[in-house]
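Beneath this line is the structure, given in structure tokens, with notes to follow.
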Amino acid sequence: MPAGPVGELQVVGHRLPKLDAPQKVTGQIAYADDLRMSGLLEGAILRSPHPHARILSIDVSAAERLPGVRAVIHAGNVEQRRFGYGDDNLPLKGDKVRFIGDEVAAVAAVDEETARRALELIRVDYEVLPAVFDPFEALEDASPSIHDELPGVVGNVAMRWDFDDGDVDAAAARAAAIVEGMYSAPQAAPAPIETHVVIASFSPSGHLTVWSPVHMVFMYRKALADCLGLDWQNITVIQPPVGGSFGGKIDIDSHDFIAVMLARHARRPVRLVMTREEEFIGTRTRQPIHFRLRTGADAEGNLLFRDAEVVSDNGAYNAWGSHAMLVAMSTITSMYRVPNSRIRCAVVYTNKNYGGSVRGFGNPQATFAVEQQMEELADALGMDPMDLRLKNANQSGDVTPQGMKITSCGLSECLRIVREQSGWDQRRGTMRDRHRGLGAAAFIHVGGGARIYGSDGCGAIVKVDDSGQVTLISGSSELGQGSETALAMIVAEEMGVPIGSVQVVNSNTDIKPWDVGVHASRTTFVAGNAARLAAAAARDKLLATAAELLGAPPAELRIRNGMVEVAAEPDRRIDFARAVRRRLLREEGTVVMATAFYDPPTEHQDKEYRGNISAAYGFGAHVAEVEVDPGTGMVRLLNLWTAHDVGRAINPMSCEGQIEGGSAMGAGLALSEELVMFDGQIAAPNFHDYGMPTAVDVPRIVVNLVETVDPLGPFGAKGVGEAGIIPPPAAIANAIADATGIRPRAYPMRPWKVKQWIDSGERSHVVVAKGGLDDG
Amino acid sequence: MVDVFVPDTLDEAVGFLGHHAGAAIPIAGGTDVLVDTRTGRSAPEWLVDLSSLPGLGGVELDGEVLRLGALTRIRAVELDPELQRRAVALVEAAKVLGSVQIRTMATVGGNLCHGTPSAEMPPALLVHDAVAEIVGLGGRRSIPLAELFAGPGRTTLGPDELLTSLRARVRASSAGSCYLRQTVRWSMDLAGVGVAASVEVEGTTVTSARVALAAVAPVPLLVGSATETVVGTDLPSEVADEAGRQAAAACSPISDARGTADYRREVVSVLVPRALRIAWLRATGAWPEGVPAPVNGVWTEEDL
């Protein structure tokens with residue numbers, strides 16, 4: 001249902017602090033690590049020191065004899081089944097280890113120190129095998145085979161993502177300009193402040209309760225049951241407040257299974273907390289992806305084709321990272337109007353920590369390639385890059401080559417805003433003598449759910465008690481992104497009550513209705529629509545009762561600020577809670593409660609990767625301004641202008657926070673963050689060396705919210721959670737190119753890389769089809 | 001478990017360290033020691049807490065001689081108004097060390113004695129001709145600061161010895177200095193390359209100069225050849241560049257997660273001339289007082 005104009009909204013569109021902010025800033029909130037329970041044991045995991053080795057034997061006898069040790073487990077004494085796409089993983093490795101950090105054994109003991117001492121007493125004999133770290137080397141015939149136990153895996157290729165639309169070769173033949181080049185994205189980490197943590201406890205009757213800051217709780221529960229042979233009816237998952245995830249805690253990981261197995265063996269509750277080092281070494285990373293991309297256009301600047309050969313560096317096992325191409329592909333085919341496209345992608349196993357889901361999920365990587373080529377192509381055509389973008393911008397009503405139906409679309413407006421604010425027309429290309437430059441990048445990202453599962457739905461229950469308090473029980477969870485507040489605002493708006501009357505319950509699988517989980521920037525859109533539908537149904541029940549009290553038909557009533565009033569005569573009104581009590585406190589009374597389940601009208605992609613995967617798409621554009629020190633290669637990010645089509649800002653303050661936070665993360669990806677690795681060993685698994693930006697590194701960020709009022713979004717809202725992180729690596733690379741004339745090929749653009757590109761004269765590779773070959 | 005011994009006097013501290021040689025290490029601000037013990041890089045049985053010993057802190061000036069107590073906090077160096085005029089390299093090095101919280105705890109002596117090749121204080125003090133004053137069971141001795149460093153994480157101090165103070169030369173006029181560094185982040189980072197330079201002039205002619213480097217050798221490095229090149233000149237760019245090339249030839253960087261050896265050597269050849277030029281502009285009064293060296297290294301002399 002289309003939402004009304006902003007002026008009529010009482011709660012939505014207002015700047016409200018997050019509901020949980022007071023608890024968080026005063027330190028009163030209890031994260032998983034703050035939970036206390038009697039008899040709780042501390043767990044610890046023995047990890048492989050080798051990137052690739054066969055496990056010959058494990059001797060745990062000395063560890064078991066250590067006083068205070070309650071359980072020592074390894075593949076030889078537990079029941080576990082394979083998990084992961086293609087069943088390529090085991091919680092505790094039995095045959096081989098495949099990266100430094102792979103789980104081999106685990107201990108539960110009375111305290112952490114005893115548990116760590118016990119790990120030192122476990123003796124594992126390994127036969128060290130040749131390892132491969134470079135995905136291109138892993139594709140060679142002579143490379144070691146990482147999953148030789150899986151007959152379906154040939155040449156270390158975990159999966160392929162190939163796509164064809166139109167005729168790329170014919171389009172290339174008539175192109176006036178073609179640019180081509182390699183663009184690489186590194187292994188980076190979600191790096192939440194709260195490391196991964198899980199507590200598992202069995203009741204005497206065998207009911208398992210797990211406390212975990214996971215955000216796809218229902219799939220998590222099923223995965224626990226499947227892998228460990230448990231009855232999933234007998235599992236409760238409770239999600240304590242999440243101290244940061246950024247995608248890293250999206251679903252299940254080896255240590256979750258290990259905690260449950262330890263609790264089962266020890267017959268006591270067990271907690272596993274990752275150390276900071278383990279967080280970097282042993283939890284999921286952002287998938288490194290390498291793109292060889294070509295883009296071509298005609299002389300007028302109409303895009304003709306994109307052609308990509310992609311190698312996605314999977315690491316040792318398939319987790320979500322193996323599917324980062326799902327999003328990377330949509331950017332290659334559907335960012336701007338591209339009439340012909342071809343993608344050949346291999347997802348390749350290597351002996352490294354493996355990729356998971358991290359904010360942006362493949363999109364910063366792909367945008368780094370696609371949006372650099374937009375500026376390279378514009379330069380080759382003698383066009384302004386903004387003009388090239390506007391000429392080819394996606395518009396409402398478009399259907400992209402993958403079948404994505406573009407409904408609300410503010411891309412052109414976003415481009416025009418950042419162009420204007422950055423002084424693009426006056427300043428780009430004019431500041432090279434000061435080593436300054438401007439660069440832009442836009443993005444497309446799912447903003448109305450993403451159908452990757454049978455349902456993309458979310459359940460909601462709204463109940464109103466006799467005090468007038470409204471409780472939303474949502475299937476979806478809060479990760480710190482502010483969704484709880486947005487959902488409460490949607491309910492308050494729909495019911496006509498103040499925000500203070502609304503509570504949100506969302507942390508227990510026994511209570512909350514089913515939801516896919518938090519991912520794909522879907523919560524405001526999908527859980528918001530579910531909450532709005534349930535709130536509307538509860539409101540209608542209430543209005544029916546109020547109608548009796550006010551002597552007017554329900555259609556003539558409205559609720560404002562907690563009062564039910566006759567719309568035409570606002571003085572005829574009663575307190576909202578009175579209507580609730582009227583309905584409840586009588587013979588044959590009923591509670592005011594309503595349920596809803598919202599599953600967006602979307603399609604599963606078919607085998608050729610076509611289908612309208614999301615009910616809405618988010619768009620936006622950034623312009624970055626940098627200053628480059630040509631002597632050292634150091635890059636200073638001076639300004640970032642951003643404009644995001646959010647459909648409607650439910651809570652503008654929260655939207656701005658998400659965009660600023662995402663932009664800061666994107667700037668970190670662009671310039672400093674990397675899990676630097678030597679021979680499979682992460683060189684420095686700590687915050688000091690990882691390179692997360694500090695407040696000093698984050699520039700002034702200007703945020704513009706463009707409200708296109710999406711036809712299907714709740715009050716017109718679209719997803720915004722991931723968006724901010726997507727354009728910065730590309731925009732900053734383009735700004736470095738403007739400042740120096742060189743063309744960045746990989747991020748993070750750490751000083752020595754920039755210096756190397758400057759010294760070697762790394763340039764765009766431009767093929768001018770109509771005028772012969774020109775390399776530069 | 002680690003035990004902590006809190007001595008009341010310097011003699012007591014030295015006596016304890018001597019008695020528990022190898023098993024006891026001194027701790028002052030703790031910003032390096034506590035990280036080392038936690039990560040297992042060092043595993044002492046005893047920490048000897050120096051932080052309450054009297055007489056080891058403070059910044060004192062006597063003519064051209066600066067006396068800097070080993071327990072002086074980095075933050076105190078950063079904020080000292082006299083040092084801001086006379087020892088700009090030292091203040092600039094202090095400003096970029098860790099965070100305000102770290103600088104408030106960390107001490108000058110700790111930064112020197114930890115032996116980190118990339119540490120900020122060593123090059124900045126080396127270009128001010130610092131002398132280290134040391135006390136041990138055998139009494140007191142003084143050595144040029146350069147002789148304190150033995151290798152990554154190692155000094156020439158005996159197990160019973162403590163650095164008590166530094167003496168450095170800080171002229172009030174006709175002198176200037178500068179500290180520049182290359183990092184990945186713009187704060188909270190270790191130097192990939194650190195460069196300090198100091199210059200003394202008569203008129204505009206260089207009478208004395210020092211160049212010191214961090215993070216490009218096993219120890220902080222004083223580059224004699226570079227300074228000889230610039231003495232007697234008005235430090236034109238060509239001469240400064242030549243000094244940069246000599247410094248690059250003198251260092252021996254390694255390749256690691258913070259950059260390759262070749263890159264580091266090249267950055268030395270870029271930052272040394274810049275630091276020398278800024279120091280010279282400061283010595284000749286051409287650089288406005290209180291204006292920091294540009295963090296991005298990009299400035300033109302027309303900007304001044």
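In what follows, chains carry the letters A, B, and so on, assigned in the order in which the sequence lines appear, proteins first and then strands, with residues in each chain numbered from 1.
The candidate from A:N686, A:L671, A:D759 with the greatest count of non-hydrogen atom pairs under 4.5 Å with chain B is A:D759.
Only the backbone of B:D256 has a heavy atom closer than 4.5 Å to any heavy atom of chain A. Residue contact with chain A, scored on non-hydrogen atoms closer than 4.5 Å, involves the backbone and the side chain of B:R258 alike. Residue contact with chain B, scored on non-hydrogen atoms closer than 4.5 Å, is absent for A:A684. For a residue to count as touching a neighbouring chain, one of its non-hydrogen atoms must lie under 4.5 Å from one of that chain's; by this rule A:F678 touches chain B with the side chain only. Looking at B:T183, both its backbone and its side chain come within 4.5 Å of chain A, counting heavy atoms on both sides.
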Audit row: A:D629, B:R274, side-chain contact (heavy atoms from CB on, under 4.5 Å) steps and yes/no: CA-CA 12 Å; A:D629 178 346; B:R274 278 188 199 167; 2.7 Å; yes
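More than 12 heavy atoms of other residues, nucleotides or ligands lie within 6.0 Å of CG in A:D433, so this atom counts as buried by the packing criterion. Within 6.0 Å of atom CZ in A:R432, more than 12 heavy atoms from other residues, nucleotides or ligands are found, so the atom counts as buried in its surroundings. Remark: B:Q84 CD is packed, more than 12 non-hydrogen atoms of other residues, nucleotides or ligands lying under 6.0 Å away.
Residue pairs meeting the side-chain hydrogen bond (donor to acceptor under 3.5 Å, both in side chains) criterion with at least one partner in residues 662-676 of chain A, sequence neighbours excluded, are A:E673-A:Y690.
Distance check, rounded to the nearest 0.5 Å: OG1 of B:T39 to CD of A:E277 gives 8.5 Å. Between atom CG of residue B:L190 and atom CG of residue A:D689 there is a gap of 7.0 Å, rounded to the nearest 0.5 Å. For the atom pair OG1 of A:T694 and CH2 of B:W186, the computed distance is 11.5 Å after rounding to the nearest 0.5 Å.
In this structure, B:R185 contributes its side chain and A:D697 its backbone to no donor-acceptor pair below 3.5 Å.
Proximity to chain B at a heavy-atom threshold of 4.5 Å picks out A:R750, A:P751, A:W752, A:K755 from residues 748-758 of chain A, in numerical order.
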